K.L.:
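Just passing along the structure, written as structure tokens.
Source: prediction; values computed, not measured.
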Amino acid sequence: MAETALSESVVGVPDVWRLRARGCWAEAAALLAPHCADDPGAALRRAEILIEGCFYHLDGWAEAEDALRVAEALAGTDEERGAAASERGYLAYGATLHSVRDRADEARSAFGRSAALLSPGSPGRPLLDFRRGLVAENIAGNPAAARAAYRRAHAGAVAHGDAFLTSFTWRHLAGLAAAEGDMAEARHGFAESLRLRVSLGHLVGTAPALLSLAEVSPDEEATPLRAEAARLFTLLGAIPLWLTPSFPT
């Protein structure tokens, strides 16, 4: 698989994206596996997919770690090494966030390496900014730093035409707005995030987006949003797992 094939769209190879968007991370990773022995782009994308799956399943950390080591070993340019370091930081952040193991220092260190390797105009820079915002918000407890990082990530994602990342930056900026009581800004951000996820066919990310919008909407609007979120959650086999408390049986 040529490197150019890996960038056919903002979300990657179409077949891989369709599986990933439906929560089939193992199957998406399997499509890339035959190309990972000598293609840094394929190896990095496979690691990225498996790491993402950990956040939804709250499992699979060891397999994701193995895939990331392969990507790190194959990385030969600053761009590739910087992207792999960003994934290293994100995996460490996830393990910390979900109480698998405290790897906060590793996350910060890896993101620092990534920042040193990725050029200011790199397509990977907005994602790195977003992930540093996650650490600021959810580990350091610094919403001001998180907002600044999310805004940089948002501007960069829009500039690079990365609709997938933009759906996340809208969502997290809206979450900060809601925490500060700015419900109008929160509704706008959550609605934009939902719109982008629906337009991309990101099914596994749609239920969380629906619930977030419901939480800042009037009751008459919130009820159908929650019903649709519950339908999708059931359809996808109770994924993402962290939404389970929102749908008591």
Side-chain angles (χ1 to χ4, degrees), residues 9-12 14 17-18 20-23 52-53 55-56 90 94 97 123 125-138 142-248:
S9 73
V10 297
V11 290
W17 169 250
R18 281 190 285 271
R20 178 183 178 185
R22 287 158 177 76
E52 181 179 272
F55 280 78
Y56 285 81
Y90 193 48
L97 181 71
R125 195 79 188 207
L127 180 59
L128 173 62
D129 285 334
F130 172 70
R131 289 171 170 176
R132 295 180 100 172
L134 292 175
V135 170
E137 180 180 8
N138 299 314
N142 187 338
R147 180 180 291 103
Y150 293 152
R151 284 176 174 166
R152 288 194 302 273
H154 185 80
V158 171
H160 285 284
D162 189 340
F164 186 47
L165 177 57
T166 305
S167 79
F168 283 88
T169 55
W170 271 125
R171 174 176 171 78
H172 284 267
L173 284 167
L176 291 177
E180 293 183 346
D182 189 345
M183 293 300 111
E185 184 64 24
R187 279 193 296 273
H188 174 68
F190 286 137
E192 284 298 300
S193 177
L194 175 61
R195 179 185 64 79
L196 286 169
R197 291 182 181 192
V198 170
S199 70
L200 289 169
H202 190 233
L203 199 62
V204 76
T206 299
L210 285 162
L211 277 183
S212 293
L213 182 57
E215 288 171 2
V216 295
S217 298
D219 288 344
E220 65 273 15
E221 296 175 18
T223 298
L225 291 170
R226 290 193 181 99
E228 178 62 8
R231 186 188 72 82
L232 287 175
F233 182 71
T234 301
L235 177 68
L236 292 169
I239 296 297
L241 191 62
W242 44 265
L243 278 186
T244 302
S246 300
F247 303 109

K.L.:
If I compare all heavy atoms of Ala146 with all of Gly133, which pair ends up nearest, and what's the gap?
P.N.:
CB-O, 3.5 Å
K.L.:
List the atom of Thr169, the atom of Ala153, and the distance in Å for their closest heavy-atom pair.
P.N.:
CG2-CB, 3.8 Å
K.L.:
Quick check: do Leu225 and Ser217 have side-chain heavy atoms less than 4.5 Å from each other?
P.N.:
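With C-beta onward as the side chain, the pair touches.
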K.L.:
Donor-acceptor pair, distance only, cut-off 3.5 Å: does the side chain of Ser212 make one with the backbone of Ala209?
P.N.:
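Absent.
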K.L.:
Once rounded to the nearest 0.5 Å, what's the spacing between atom CG of Leu203 and atom CG of Leu232?
P.N.:
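The CG atom of Leu232 is 5.5 Å from CG of Leu203, to the nearest 0.5 Å.
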K.L.:
Does a side-chain heavy-atom distance below 4.5 Å link Arg22 with Val204?
P.N.:
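Contact flag for Arg22/Val204 side chains = no.
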K.L.:
With under 30° as parallel and over 60° as perpendicular, where do the rings of Trp170 and His154 fit, or are they tilted in between?
P.N.:
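Geometry flag for His154 against Trp170: perpendicular rings.
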K.L.:
Is there a side-chain contact between Phe247 and Leu211, using heavy atoms and a 4.5 Å cut-off?
P.N.:
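Side chain of Phe247 against side chain of Leu211, heavy atoms only: contact under 4.5 Å found.
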K.L.:
What is the minimum heavy-atom distance between Ala177 and Ala186, and which atoms define it?
P.N.:
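Looking at all heavy atoms of both residues, the shortest contact is CB-N, 3.9 Å.
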K.L.:
Are Asp129 and Arg125 packed together at the side-chain level, in the sense that at least one heavy-atom pair is separated by less than 4.5 angstrom?
P.N.:
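Counting from C-beta outward, Asp129 and Arg125 do come under 4.5 Å.
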K.L.:
Look at the rings of Phe168 and Phe164 and say which category their plane angle falls in: under 30° parallel, 30 to 60° tilted, over 60° perpendicular.
P.N.:
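Geometry flag for Phe164 against Phe168: perpendicular rings.
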K.L.:
So how far is it from His202 NE2 to Leu194 CG, rounded to the nearest 0.5 Å?
P.N.:
12.5 Å
K.L.:
Rounded to the nearest 0.5 Å, what separation is found between the CD atom of Glu137 and the CG atom of Leu97?
P.N.:
10.0 Å
K.L.:
Looking only at heavy atoms, what is the nearest atom pair of Ala163 and Leu200, with distance?
P.N.:
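That would be C-CD1, 3.9 Å.
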K.L.:
Passes side-chain contact (heavy atoms from CB on, under 4.5 Å), Glu180 versus Leu176? Steps please.
P.N.:
CA-CA 6 Å; Glu180 293 183 346; Leu176 291 177; 5.7 Å; no
K.L.:
State whether the side chain of Arg197 and the backbone N or O of Pro208 hold a donor-acceptor pair below 3.5 Å, judged by distance alone.
P.N.:
no
K.L.:
Donor-acceptor pair, distance only, cut-off 3.5 Å: does the side chain of Thr244 make one with the backbone of Leu241?
P.N.:
yes
K.L.:
Below 4.5 Å, heavy atoms only, C-beta onward: do His172 and Leu134 meet side chain to side chain?
P.N.:
yes
K.L.:
Salt-bridged, Arg187 to Glu221, with N to O below 4.0 Å?
P.N.:
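No salt bridge links Arg187 with Glu221.
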K.L.:
Grab the two heavy atoms, one from Ala191 and one from Leu213, that are nearest each other, plus how far apart they are.
P.N.:
N-CD1, 4.0 Å
K.L.:
When you measure from the side chain of Ser167 to the backbone of Ser193, do you find a donor-acceptor pair of N or O atoms at a distance under 3.5 Å?
P.N.:
no
K.L.:
Please give me the minimum heavy-atom distance between Val216 and Ala178, naming the atom from each residue.
P.N.:
CG1-CB, 4.1 Å
K.L.:
Does the Arg231 side chain pair with the main chain of Ala227, one donor and one acceptor, at a distance under 3.5 Å?
P.N.:
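No; judged by distance alone, with no hydrogens or angles, the pair does not exist.
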K.L.:
Do side-chain atoms of Trp17 reach the backbone of Gly201 as a donor and acceptor pair under 3.5 angstrom?
P.N.:
no
K.L.:
Roughly how far, to the nearest 0.5 Å, is CD of Glu192 from CZ of Arg195?
P.N.:
4.5 Å
K.L.:
Starting from the C-alpha separation in whole Å, work towards a yes-or-no answer on side-chain contact (heavy atoms from CB on, under 4.5 Å) for Glu215 and Phe190.
P.N.:
CA-CA 10 Å; Glu215 288 171 2; Phe190 286 137; 6.0 Å; no
K.L.:
Can you label the angle between the Tyr90 ring and the Phe55 ring as parallel, tilted or perpendicular, going by 30° and 60°?
P.N.:
parallel
